[in-house]
Amino acid sequence: MATAPESAVPPPAPPGTQTLARGIAVVNAVSRGRTRLREISEETGVGRSTTHRLLQLLLSTGYLRQLDDGAYALGPALIELGYQALQENPVTGVAGPVLRALADRVHDTVHLAIEDRGQVLYLDKIPGTRGAVMRSQIGHRMPLTRTGIGKALLLDEPGRWGERFLAEQPAGAGHGLERDVLTAEEFVRVMATSADRGVAFDLEENEPGILCVAAPVRDTSGAIVAAISVTATRPYMPPERLETLTPVVREAAAHISAALGHRPR
């Protein structure tokens, strides 16, 4: 009987792997709003006594903190690590001056984001000067197919367009959105047009009254590694302004791409 080659045998898990995985699960549960011992235990599937020990360890190391009412919240150590991770991302440092110049030019909110675990992850946001308030925040996540910046991140991956659209459709349920009028096939056609133009639009699909123009940022290999967007409320973003901003946003994204080593063919 033939034996499996040595390379096919998975290596043994390092000691403490299960404890590490459970600790990460606890932190993730708190980040999703599970703030009590019972809730965290139920969310993670870890027994209450073990969960309590993990919570005490995470409190002592600053990964969690405990509020006056006994609820758990994310701790200062995560803020420090998150800030460090943000600064170490080369896109963030390179994009900063371009984003500021773009914000000064358009007077609207400017975003920088990457795809992380199948979602938009915002790395930077420069609020506009018109007083508009929107949900996006640095470190927050949004659906890929419901945001202009998320669509820009997907422009090179037509095989994912329909699948992601269907997977993210429930994200709009109950939010008062009235723009869920596209089928998956129609969304794919819209994305194909966006890919040809090199920009993507958000036409109030993620947030009522909010529209944006977004373009992808590429690295030296030509791969999309980030995207930027200009976002405004409906009165400041009529259809003709979407068109006017298209080359402006595309040019800004090209400047960031060039700084990352991208050279258009």
Side-chain angles (χ1 to χ4, degrees), residues 86 89 91-92 94-116 118-155 164-165 168 171-172 175-182 187 190-191 193-195 197-218 224-257:
L86 188 63
N89 188 312
V91 175
T92 307
V94 166
V98 179
L99 297 179
R100 289 190 292 272
L102 180 60
D104 289 342
R105 178 176 180 180
V106 300
H107 306 293
D108 297 309
T109 299
V110 173
H111 294 102
L112 169 71
I114 60 172
E115 179 181 353
D116 182 68
Q119 296 176 302
V120 172
L121 175 63
Y122 289 100
L123 298 184
D124 203 353
K125 176 182 179 179
I126 303 176
T129 59
R130 306 183 199 270
V133 178
M134 51 199 70
R135 293 184 295 169
S136 57
Q137 297 293 334
I138 297 173
H140 282 200
R141 297 173 181 272
M142 292 286 184
L144 287 164
T145 61
R146 304 190 72 86
T147 56
I149 206 164
K151 294 174 194 175
L153 289 165
L154 285 173
L155 287 184
R164 289 309 309 165
F165 177 80
E168 293 177 345
H175 287 80
L177 301 178
E178 299 176 355
R179 301 284 174 163
D180 299 331
V181 295
L182 296 180
F187 178 79
V190 169
M191 287 293 291
T193 300
S194 298
R197 299 189 68 185
V199 294
F201 299 132
D202 176 351
L203 305 177
E204 303 184 60
E205 294 141 284
N206 187 52
E207 195 170 354
I210 302 296
L211 300 92
C212 88
V213 184
V217 171
R218 301 177 183 276
I224 294 175
V225 294
I228 64 171
S229 68
V230 171
T231 308
T233 55
R234 189 188 303 137
Y236 297 104
M237 195 69 88
E240 57 270 20
R241 188 155 188 261
L242 286 169
E243 293 298 329
T244 300
L245 285 174
T246 290
V248 175
V249 177
R250 200 162 45 204
E251 179 185 19
H255 281 311
I256 300 171
S257 299

Hey, could you give me the CD1/CG distance between Ile138 and Leu121, rounded to the nearest 0.5 Å?
10.5 Å

Are side-chain heavy atoms of Lys125 and Thr231 found at a separation under 4.5 Å?
no

Spacing of Arg250 atom CZ and Ile228 atom CD1 [to the nearest 0.5 Å]
11.5 Å

Between Glu204 and Arg234, is any pair of side-chain heavy atoms under 4.5 Å apart?
yes

dist Leu211:CG -> Phe201:CZ (nearest 0.5 Å) comes out at 10.0 Å

For Val94 versus Val98, what's the shortest heavy-atom pair and its separation?
O-CG2, 4.3 Å

Tell me whether Arg141 contacts the main-chain N or O of Gly118 through its side chain, where contact means a donor paired with an acceptor under 3.5 Å.
no

Considering all heavy atoms of both residues, which atom of Ala95 and which atom of Ile256 are nearest to each other, and what is their separation?
CB-CD1, 3.7 Å

Under 3.5 Å, side chain of Ser257 to main-chain N/O of Arg218, donor-acceptor pair present?
yes

Within the side chain of Glu115, is there an N or O that forms a donor-acceptor pair under 3.5 Å with the backbone of Leu153?
no

Does Tyr122 reach the side chain of Leu112, with side-chain heavy atoms less than 4.5 Å apart?
no

Any ion pair linking Arg146 and Glu205 (charged N to carboxylate O, less than 4.0 Å)?
no

Beyond-backbone contact of Val248 with Arg105, side-chain heavy atoms, under 4.5 angstrom
yes

Take Leu155 and Ser194, measure what side-chain contact (heavy atoms from CB on, under 4.5 Å) needs, and give me the verdict at the end.
CA-CA 7 Å; Leu155 287 184; Ser194 298; 3.8 Å; yes

Are more than 12 heavy atoms, taken from residues, nucleotides or ligands other than Arg130, located less than 6.0 Å from that residue's CZ atom?
yes

Closest heavy-atom pair, Gln137 versus Met134, reported as atoms and distance to 0.1 Å, is NE2-O, 4.1 Å

Side chain to side chain, Met191 and Thr145, heavy atoms closer than 4.5 Å
no

Is the closest side-chain heavy-atom distance between Asn206 and Arg135 below 4.5 Å?
yes

Atom pair NE2 (His140) and NE2 (His111), whose distance is rounded to the nearest 0.5 Å:
11.0 Å

Looking at CD of Gln119 and CD1 of Ile114, how far apart are the two atoms once the value is rounded to the nearest 0.5 Å?
11.5 Å

Looking at Val120 and Gly150, what are the two nearest heavy atoms and their distance?
CG2-CA, 3.4 Å

A side-chain contact here means heavy atoms from C-beta on lying under 4.5 Å apart; do Phe165 and Leu144 qualify?
no

Measuring from Asp108:CG to Thr129:OG1, what's the distance to the nearest 0.5 Å?
7.0 Å

Do the side chains of Cys212 and Ile149 get nearer than 4.5 Å, heavy atoms only?
no

Residue pair Asp202, Lys151: steps toward the salt bridge (Lys or Arg N to Asp or Glu O under 4.0 Å) verdict:
CA-CA 8 Å; Asp202 176 351; Lys151 294 174 194 175; 5.5 Å; no

Listed by chain and number, what are the salt bridge (Lys or Arg N to Asp or Glu O under 4.0 Å) partners of Arg164, not counting sequence neighbours?
Glu168

Minimum heavy-atom distance between Pro216 and Ala152, given as atom pair plus value
CB-O, 3.6 Å

Taking only residues two or more places apart in sequence or in another chain, which ones pass salt bridge (Lys or Arg N to Asp or Glu O under 4.0 Å) with Arg100?
none

